[in-house]
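Encoded as structure tokens, the structure appears first; notes follow it.
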There are 2 protein chains.
Amino acid sequence: MLIVGLNGEHITVDRATLLIAATEHDSNLYYATRFIAPDPFIYLEIKGKRLMIMSDLEVDRARSQATVDQVLSYSEIERRVRAQGVADPGPVEIVHAVLQERDVKRVLVPGNFPYAHAARLQQLGYQLETKKEPFYERRAVKTEEEVRYIEAAQRATEEAVAAAHAALRAAALRDGVLWLEGAPLTSERIKKLINVKLMERDCVAQHTIVAGGDQACDPHHEGNGPLPVDRSIIFDVFPRSGQTRYFADMARTVVRGKATPELKRLYQTVKDAQEEAIAQIRDGADGARIHQRICDRFDAAGYRTGLVNGRMQGYFHGTGHGVGLDIHEAPRISRTGSPLQEGHIVTVEPGLYYPGLGAVRIEDMVLVTRDGCRNLTNYPKTFELE
Amino acid sequence: MLIVGLNGEHITVDRATLLIAATEHDSNLYYATRFIAPDPFIYLEIKGKRLMIMSDLEVDRARSQATVDQVLSYSEIERRVRAQGVADPGPVEIVHAVLQERDVKRVLVPGNFPYAHAARLQQLGYQLETKKEPFYERRAVKTEEEVRYIEAAQRATEEAVAAAHAALRAAALRDGVLWLEGAPLTSERIKKLINVKLMERDCVAQHTIVAGGDQACDPHHEGNGPLPVDRSIIFDVFPRSGQTRYFADMARTVVRGKATPELKRLYQTVKDAQEEAIAQIRDGADGARIHQRICDRFDAAGYRTGLVNGRMQGYFHGTGHGVGLDIHEAPRISRTGSPLQEGHIVTVEPGLYYPGLGAVRIEDMVLVTRDGCRNLTNYPKTFELE
């Protein structure tokens, strides 16, 4: 009998695949089961069958919601194991009971499988094998449904950023900072506006970035305090849909007031680099090479990367990453990049960061196609908001 | 020299503690570093020093934000390792370089430490040891600051639930379901109202439960569709503060319309059981015993627990859990419960679930004190909303 697994591969029938995790934090397990539970549970692929072993609390819901072949009761197996004389069985003893019945001694686990469970399995005589991420290679190649989910989250993102930019446009410029409705317009106010708008669309945004001036020179600084006039402000918004659990991701950089010619040139350099990178994306393109071209281009334009006064400046992050059930997933467009493939969804987000001058990052999300890509982002790239 | 670790224990100087995780998903690492980063990073406790090893992207932010002794640059160590002839060093080779310099060969890792990293460390000759959760025992004992954080999240939770209950009170009863503003009042509308209210208070609510009638008989069913008249509706809301990252947790059960005497008795039974459990909580009390008393009490009142037509009914979840940086953390008030200790914050949330009759769960969050507890919840227990 030919048995085919989630990755489309032929299955070695004497080897089980095992995950023990909480789907809330483990997207491989969610991908395999489509079941959300706050606490860890056991998932097994054995001889072409996909099983979950669930507590009394979750077993009924799992039977009606999870996309697996069979849901076993943890407490029933636990009773059997106790009856065999195991005083205090843990999850690994439960797995052991199931594997013994099916005569399996080899187990494939993901790289992030908990070490304590792995050590116990080895004590019990199992031969463990592991596979680097992506554990499920199919996760990187999005189905039409997954593309729709990500696009829906992206539409909500664009609406929220549009509302934020409208607030910036409505702001007065006073003493070097933005003012709105009688108070300084802060990063905190704008982030809340964005996050609330997104929650109204069932999207959960965390760590939204609205960072101006030198704060933005640290790419992960979320921003705080009054937003500056005449300095660039980076918006980076990457919510997860509460319904589908897929992410979207977009960044824009804007200025209120007047940008200096140097800051305008910084913006234009990043924008041109992003366009060139997007133009190179297609099935088979090499992520590492696309990233390297951006680095070379910035260097050639005189934008150097390295430590200055003990602080990194220039271009010191990757150009892009896959987006799906995780905000950062395979593939990468970076130093350690991999070949792009039709159906990948990746960000393209070059940036330049110079304390004193300011920071620019522009990020779109694109779907890789056979001979190019489709940009899933539908939001203008306007630097000076008027 | 006496060296004392995060747990207040004396440190074995030839053993390092190692975590490699993303703080977004790993609360032990966040507890140790107070640093949020989306991607995994390396944290080490060596000979009384607490170190982080950070990418160029995060190193500056880590130096200014993280509560550790030293932040090392990943790329600098990587260059050294490459210069020694390692072609493609991964995180474990970086750790190896740091441990070698400090002459350490024993490493303590948490139970959820990634197996692939553990296997590589063992290949390199390290002796691995692991410690069950709670890895940092101090996490369960809340400081005054942590109590304030949890209470602040709880105040936001109460405001949001109050707004939801106001909407239920304002609803009309029509054809067996609630109506508001010309449309059926659904679980989805009420959940969104709650989640948006919480986001306005910088609290991120996910998997909020607003489940009525038989839906609520599955304790983790989040609820969907129009809310029923005359049936119990469970609200369970457990947001995380976006600022402090601490959770709160509360559940209430209400009915619009008229509850039958049987349903009222169900409610009163749960409410009385919860009060008895809260009265037993104090420093030194045994979580397993408190849970067992609730089970016995329900049994004695004729509320049986077990499978009926292949579905669990009665009381089939724990009575309580610790709340902090995780929504479910040590200690537990359950079958596997542990002794309570002054400074623990735990939920007390008995429930009864009978398809056909309905479901009731009532949950408060309390701070364990030397001779009792302080209830951190300030929200009425009203069954019939008028």
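Just so you know, these numbers use all the heavy atoms, side chains as well, and skip hydrogens, waters and symmetry mates. So that the names make sense, note that chain A is the first sequence line, chain B the second, and so on, each numbered from 1.
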request  = Using the test ring-ring contact (aromatic ring centres under 6.0 Å, His included), find all partners of B:Tyr354 that sit at least two apart in sequence or belong to another chain.
outcome  = B:Tyr303
remark   = Taken in chain and number order and not counting sequence neighbours, the residues that satisfy ring-ring contact (aromatic ring centres under 6.0 Å, His included) with B:Phe298 are B:Tyr315
remark   = Bottom line for B:Asp88: the part with an atom under 4.5 Å from chain A's heavy atoms is neither
request  = Please test B:Asp39 against A:His321 for side chain to side chain contact (heavy atoms under 4.5 Å, CB included), starting from the C-alpha separation and ending with a verdict.
outcome  = CA-CA 12 Å; B:Asp39 293 309; A:His321 53 82; over 6 Å; no
ask   = Going from SG on B:Cys217 to CG on A:Asp60, what distance comes out if it is rounded to the nearest 0.5 angstrom?
value = 10.5 Å
note = Heavy-atom nearest pair, A:His220 first then B:Arg61, reads CB-NE, 3.4 Å
key: Interchain contact, B:Asp218 with chain A, by part (heavy-atom threshold 4.5 Å)   = side chain
query = Side chains of B:Pro38 and A:His328: closer than 4.5 Å at any heavy-atom pair?
reply = yes
inquiry  = Let me confirm one number: the CZ-NZ distance from A:Arg201 to B:Lys192, rounded to the nearest 0.5 Å.
reply    = 8.0 Å
task = Identify which part of B:Ile36 has an atom lying under 4.5 Å from any heavy atom of chain A, answering side chain, backbone, both or neither.
result = side chain
request  = Could you tell me which of B:Val204, B:Val109, B:Leu307, B:Leu193 has the largest number of non-hydrogen atom pairs under 4.5 Å with chain A?
outcome  = B:Val204
request  = Take atom CD of A:Gln243 as the centre, draw a 6.0 Å sphere, and report whether it contains more than 12 heavy atoms from other residues, nucleotides or ligands.
outcome  = no
query = Can you tell me how far the CE atom of B:Met312 sits from the OG atom of A:Ser73, to the nearest 0.5 Å?
reply = 8.0 Å
query = Side chain, backbone, both or neither: which part of B:Ile327 has an atom under 4.5 Å from a heavy atom of chain A?
reply = neither
ask   = Hey, which residues of residues 17-26 of chain B are touching chain A, say heavy atoms under 4.5 Å apart?
value = B:Glu24, B:His25
query = Using a heavy-atom distance cut-off of less than 4.5 Å, which residues of residues 111-122 of chain B contact chain A?
reply = B:Gly111, B:Asn112, B:Phe113, B:Pro114, B:Tyr115, B:Ala116, B:Ala118, B:Gln122
inquiry  = Is A:Glu133 close to chain B through its backbone or its side chain, or both, or neither, when contacts mean heavy atoms under 4.5 Å?
reply    = neither
remark   = Heavy atoms of A:Val196 and B:Val196 approach each other most closely as CG1-CG1, 3.9 Å
message = Just checking B:Lys191: does its NZ atom have more than 12 heavy atoms from other residues, nucleotides or ligands closer to it than 6.0 angstrom?
response = yes
request  = Find the one option among B:Gln206, B:Glu188, B:His317 whose heavy-atom pairs under 4.5 Å with chain A are most numerous.
outcome  = B:Gln206
message = Need one label for B:Arg335: side chain, backbone, both or neither, based on atoms under 4.5 Å from any heavy atom in chain A.
response = side chain
